[in-house]
Amino acid sequence: MSFIPCDTSMIALVDCNDFYASCERVFDPRLIGRPVGVLSNNDGCIIARSAELKAMNIEMGTPLFQIQALERKGCIALRSSNYALYGDLSARVMQILDEFSPGVERYSIDEAFLDLAGMQSPEEICRQIVHKVPVYTGIPVSVGAAPSKTLAKVASHLAKKQAGRKGICVFHSANDPELINWLNTLAIEHIWGIGKRLGRKLRQHGIETALQLREADHNWLKRHFSVPVKRTAMELNGTNCLTLDDTPDPRQNIMCSRSFQKATNSLTDLKEAIRFHAQTACQKLRKQNGLAQAILVSVRTNSHRFEPQHKEARAWALPVASDDSALIIRYAQEQLEQIWQPGFRYRKAGVMLLDIIPWRPMQLGLFEHQQKEKKDQEHKRRNLMHTLDKLNDRIGRDAIGFGLSREQADWKMKMAYRSPRYTTCWNEIPVVKAN
DNA sequence: TGGGGTCCT
DNA sequence: AGGACCC
């Protein structure tokens, strides 16, 4: 039996630089070198910025109206968020990372943890990653590596922040003097896992920096705070106590919800929205080979307004575990009619699929002739769904589905600055012209 | 800023 | 179930 001592652990965090803005640049090179901002759903505010936009001191969360004049003058470029594009490019990046380690945890759309334990030269691997990913995908990345996830986060921060590092920062030991120096200046609430509230509470006890946290008594931390805070302190000490989750369990719930561009009371509008979300949720469900046993439909008004409020969500068990879009849409719409009330301006609607179990053939009834009929029916349904999913995968999501939504419905998102779905929609793939 | 998640209590 | 945290 081989024994690998803990202090040989080495975790790398690969982080895409300004991911959404970089994605927009991949297919629109005119944006290279320009300040680029990506907007939230409904074009509300800035949620991602290129380096040039950051340099203009345009902060995260800046409302669109404050920068619209700059956009019109051509000083900055804006894009509505295009998650089909970002998801696709993310998958390409992750695919390349898989070549560098057998243990890759897709932590978020633009970040992954890699297990580099036992590899000869983490620096060399990081260098190759930082070189290869942009060459193959057009997305620049930086890498931080250290003995624990929390320290890898710290390293990744430095990799980005300090220009001389060229996007790479490796700490072999938690006792690296440079690392200790940095931890000494790192404010407590900037540590991964310590948010605003915990930060405030820790400060009340005199703990203000990352270094102070890691030197605090761990049992005291566990008693006065929580197990996670204690674990964060251990991680800062270089003890790798957060596992690398490279094979996450399939979802037990799938939720799809969106706020509308304009509030609406129309039941027709809401039914359309619910149908749309139920359909998207079912696509995700089938992709993970699951069956839902219950659904939940929710609607709510805009709580930021001084007007009559109504917020309701109701769950309903399905008669049989199902992944059938038509059936689930029907149930979801029936439920919507139960909770919808006249006189409210609804701002958001959603569908959640609950109690998801792995797919299995339908349970059989008591009588044989019924069995055969039901089996045939189920078979046909599955074929239909399969065909739908394949077409939507190939032609572009929402290319084909149940029912039609009106192009300009209130419940739809506002996406005035949307870029083409370069990678997921045949009508919008880029055209290369050559003379 | 808002639509997803996770984990812990 | 709700809180806290994450991206």
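Computed over heavy atoms, backbone and side chain alike; hydrogens, waters and symmetry mates excluded. The chains referred to below are lettered A, B, ... by the order of the sequence lines, with proteins before strands, and numbering in each begins at 1. Not measured: the values here are computed from a predicted model.
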Q: Report the C-alpha separation of A:E272 and A:K412 in whole Å, then their side-chain angles, then the decisive distance to 0.1 Å, and conclude whether the salt bridge (charged side-chain N to carboxylate O under 4.0 Å, His left out) test is met.
A: CA-CA 10 Å; A:E272 243 177 55; A:K412 289 202 161 176; over 6 Å; no
Q | salt bridge (charged side-chain N to carboxylate O under 4.0 Å, His left out) between A:E312 and A:R314, worked out | A | CA-CA 7 Å; A:E312 197 161 342; A:R314 206 175 290 174; 2.9 Å; yes
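For the pair A:P63 and A:I254, both in contact range of DNA chain B, the more 5′-proximal nearest nucleotide belongs to A:P63.
Of the candidates A:N42, A:N41, A:D43, A:D43 is the only one forming a side chain to side chain donor-acceptor pair (under 3.5 Å) with A:S80.
Without hydrogens or angle criteria, A:S226 side chain to A:K222 main chain gives no donor-acceptor distance under 3.5 Å. Between the side chain of A:R34 and the main chain of A:G74, a donor-acceptor pair closer than 3.5 Å is present.
If you check every strand for non-hydrogen atoms under 4.0 Å, A:I109 touches nothing.
Because its NZ or CZ atom is both nearer than 6.0 Å to the ring centre of A:Y136 and within 45° of the ring axis, A:K132 counts as a cation-pi partner of that residue.
One finds no salt bridge joining A:R49 and A:E24 here, because no Lys/Arg side-chain nitrogen approaches an Asp/Glu carboxylate oxygen to under 4.0 Å. Salt bridge annotation for A:K54-A:E59: absent, with no cationic side-chain nitrogen under 4.0 angstrom from a carboxylate oxygen. A:R203 has a carboxylate O that lies under 4.0 Å from a charged side-chain N of A:E189, or vice versa, which qualifies the two as a salt bridge. Ionic pairing of A:R106 and A:E111 is not present here: no N-O contact between side-chain nitrogen and carboxylate oxygen is shorter than 4.0 angstrom. In summary, A:E105 and A:K149 engage in a salt bridge, as defined by a charged side-chain N under 4.0 Å from a carboxylate O.
Within residues 201-233 of chain A, the residues that place at least one heavy atom under 4.0 Å from DNA chain B are, in residue-number order, A:S226, A:V227, A:P228, A:R231. Listed by residue number, the members of residues 34-56 of chain A with any heavy atom below 4.0 angstrom from DNA chain B are A:S40, A:N41, A:C45, A:I47.
Among residues two or more places apart in sequence or in another chain, the ring-ring contact (aromatic ring centres under 6.0 Å, His included) test is passed with A:W316 by A:Y331. Applying the side-chain hydrogen bond (donor to acceptor under 3.5 Å, both in side chains) rule to A:K160 yields the partners A:D15; only residues at least two apart in sequence or on another chain are considered.
A nucleotide of DNA chain C counts as in contact with chain A when one of its atoms lies under 4.0 Å from a heavy atom; the first and last such, 5' to 3', are C:dA4 to C:dC7. Protein chain A contacts DNA chain B from B:dT1 to B:dT9, reading 5' to 3' and using non-hydrogen atoms of the protein with a distance under 4.0 Å.
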